[in-house]
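First comes the structure, then the notes that go with it.
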Number of protein chains: 2
Amino acid sequence: MATLKDVSKASGFSVTTVSRALNGYDDVNKETRDKIMSVAKELGYSPNILARSLVKKQSKTIGFLVTDLKRESVKDNFLFETLCGVSDELSTLDYEFVLLSTTTSKQKNKTYGQMCAERQLDGVVIQGLKRDDPYLLEAIESTVPCVLVDIPVEGVNTGYVTSNQLESAKQAVRYLIRLGHRHIAFMNGAAHAYVSTVRYDAYRQVLQENGIEFRDDYVLNGDFEELASKSAALPFLLNHPEVTAFFCASDVMALGVLQATRELGLNVPEDLSIIGFDNILLSQYVSPPLTTVGQQPYEMGRKAASMVVHIVEGQDVPHEAFVNNELILRESVAKNRR
Amino acid sequence: MATLKDVSKASGFSVTTVSRALNGYDDVNKETRDKIMSVAKELGYSPNILARSLVKKQSKTIGFLVTDLKRESVKDNFLFETLCGVSDELSTLDYEFVLLSTTTSKQKNKTYGQMCAERQLDGVVIQGLKRDDPYLLEAIESTVPCVLVDIPVEGVNTGYVTSNQLESAKQAVRYLIRLGHRHIAFMNGAAHAYVSTVRYDAYRQVLQENGIEFRDDYVLNGDFEELASKSAALPFLLNHPEVTAFFCASDVMALGVLQATRELGLNVPEDLSIIGFDNILLSQYVSPPLTTVGQQPYEMGRKAASMVVHIVEGQDVPHEAFVNNELILRESVAKNRR
DNA sequence: CTTGATTTCCGAAACGTTTCGGGTATAAAA
DNA sequence: TTTTATACCCGAAACGTTTCGGAAATCAAG
């Protein structure tokens, strides 16, 4: 591959001048710049990024750190979409992008700092670290900027992007109320999960703000599983004919409820409105297509990438960003006619 | 970050010796090696890969080139899974991995060779290039090794991994015949696609080898789309009550056929057996779950990655690899009872 | 006591850039 | 004519490695 020296020789100018010409400095004559440009093109020259990074002390590449990159993961889609977002954004910003896949065990061999130093990463966006992964603390304390997706953590070189979990859940419940539903059940997942508590809170708060009495026996536990959700919903629907709507903390559980209605001969949405959470691929294919609140991992990826290069470049930008979950209206919800 | 020079100063040995000690050369005394090691550890030294690559002329990183990385793509899953395979394999081989996302338009700005040279890539695995993408030819002629997934192309520094497209498609059709089906329709996609012709061939050949007459009016065109497939299937099923099975060149089109049966009040698989291709995520959730032939993108990714580093390292390995598609038996196919 | 081999170490060059600090003309001002 | 400014160019050092070709010291053999 052609190097600067080659271009220098072929054009008759010094390496310095060639470099400056190609980099757009203005202390080089128009003519010689043109000459150099054409020679460079002719030789198919393109700069060696490694060498450049070495001297400039910045590599123009940011890492995308993901733990346990596994094909089985249910969140594949989430991960993949944020990856797309990161990739797209970085390419418009003219940054490169390397994928760093790590496991908890790998984190013991090499520190986070070393990982960054080796490749001279300018910054990194982190997705899916567990709260007790050693890298998390290291990342926050590191001097190389990082932004976390969905892990709200403050730090001087640290930013994060997350979504309006609470608000969007509230919005979903409000939607049901707006359509006239008063007896709204809630299918929750494992109680210890962060998202579960948030969605539970949303449910209670919206009920209260609308003067609807909260009933303990209206919240079921579906454990984020289709089957468990179905088994929970079956007897409940039998015993509570007054219930006209179901808010589910995940689409998978919503599918369970849907199954239950089928077995009972109930029609969705005429007899029961169902609203889910996550916007999984399946939700638009099921019958009826599921109204749900969807996250926007692609957007999160974009924002994370954008934020990290802004931080890297020393611009004064907010170190937190939100992307709105959005209520996706499909056909599993209808007005309450009772 | 600590550099070799730092370690050199702190340990009292020359940079050369430190380098050789750390790299396991045997012309360094046990004691001094230990000393150096401990100092290095203490300073948290880790080698700057950029500098190393620069002098060694090899970067220990291979690129994963993908065109039009888009979240919408139906093949997301395919792409993502091969990505996982590549990533996993490379990390066990101790190679790094950068994702190169390009579009047809981008290919005009920067040649393939330049792209490789810039990052000093040792090799690249390529996925999803179109047959007329300029990069394809460049890649084959390039001196940097590459292996293509699903594009069987020969070349000295080139390899490919693909699947037994034809055989697996045949197997699917044979399966239907084995179950007693004689009137088997074929839903094909865009005729110009490579896979379409292969699956079409499979269909015809198996029919012939079983002495079943090939009928032109039994092959429909669903354009790889659900809706188009449904619209094609509807009138066809009406006009051909004798047809008991459908072989579809993609799962998406199989879904279309499934829809058509629903509208007609036909039961799957009692009234009509359906077999798809691709094993998309959805296929196992739909009702009834779709029997389909599944590719193994993860495996392809692994093999591709493995092959490319073997080629890079000058080992004498076969430049082609196959991974078997497998027929995944679910519930959309039944014995022919007529 | 030489000679030669072995062990252990190191200086310097190289990889391909960027950039600092000038240098040499030419043109304008004094 | 001399000075000053301007436009254009370049040499050399630096970034952090690896590696070639020795060199010094130690040891064994003759």
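Quick note on labels: first sequence line is chain A, next is B, and so on, each numbered from 1.
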Problem - Partner set under salt bridge (Lys or Arg N to Asp or Glu O under 4.0 Å) for B:R119, not counting sequence neighbours - result: A:E96
Completion exercise
By salt bridge (Lys or Arg N to Asp or Glu O under 4.0 Å), A:D94 pairs with (sequence neighbours left out) none
Practice task
Determine the interplanar angle of the A:F80 and B:F80 rings, folded into 0 to 90°, and report it as parallel if under 30°, tilted if 30 to 60°, perpendicular if over 60°.
Solution key: perpendicular
Would you tabulate the nitrogen or oxygen pairs shorter than 3.5 Å linking the protein to nucleotides 23-27 of chain D?
none

Handout entry: Pairs where residues 34-54 of chain B contributes a residue and the test salt bridge (Lys or Arg N to Asp or Glu O under 4.0 Å) is met, not counting sequence neighbours
Key = B:K30-B:D34
Practice task
Sequence neighbours left out, what passes side chain to side chain contact (heavy atoms under 4.5 Å, CB included) with A:R20? Give chain and number order.
Solution key: A:T16, A:Y25, A:D27
Exercise for the section: Tell me what B:N29 touches on the nucleic acid: a base, only sugar-phosphate, or nothing, going by heavy atoms under 4.0 Å. Expected result: sugar-phosphate
With a 3.5 Å cut-off and sequence neighbours excluded, list the donor-acceptor pairs that the side chains of residues 136-146 of chain B form with protein atoms.
unit_1	atom_1	unit_2	atom_2	d
B:E138	OE1	B:Y112	N	2.9
B:S142	OG	B:V144	N	2.9

Problem - side chain to side chain contact (heavy atoms under 4.5 Å, CB included) involving B:M307 - partner list, sequence neighbours excluded - result: B:V147, B:I311, B:A321
Handout entry: Touch class at under 4.0 angstrom, heavy-atom based, for B:S53 against every strand present
Key = nothing
Fill in the blank from the handout: Comparing nearest nucleotides in DNA chain C, the 5'-proximal residue of the pair B:V28, A:D27 is B:V28
Handout entry: Partner residues of A:S306 under the side chain to side chain contact (heavy atoms under 4.5 Å, CB included) criterion, sequence neighbours left out
Key = A:E89, A:H310
Exercise for the section: Specify the angle, to 10°, made by the local axes at the two ends of the helix from C:dC1-D:dG30 to C:dA30-D:dT1 when five pairs are taken at each end. Expected result: 60°
Fill in the blank from the handout: Sequence neighbours excluded, the answer for side chain to side chain contact (heavy atoms under 4.5 Å, CB included) partners of B:N48 is A:L54, A:Q120, B:L50, B:A51
Handout entry: nucleotides 13-20 of chain C: protein proximity per nucleotide (B base, S sugar-phosphate only, - neither; heavy atom, under 4.0 Å)
Key = --BBBBBB
Practice task
Tell me, please, which residues at least two apart from B:K5 pass salt bridge (Lys or Arg N to Asp or Glu O under 4.0 Å).
Solution key: none
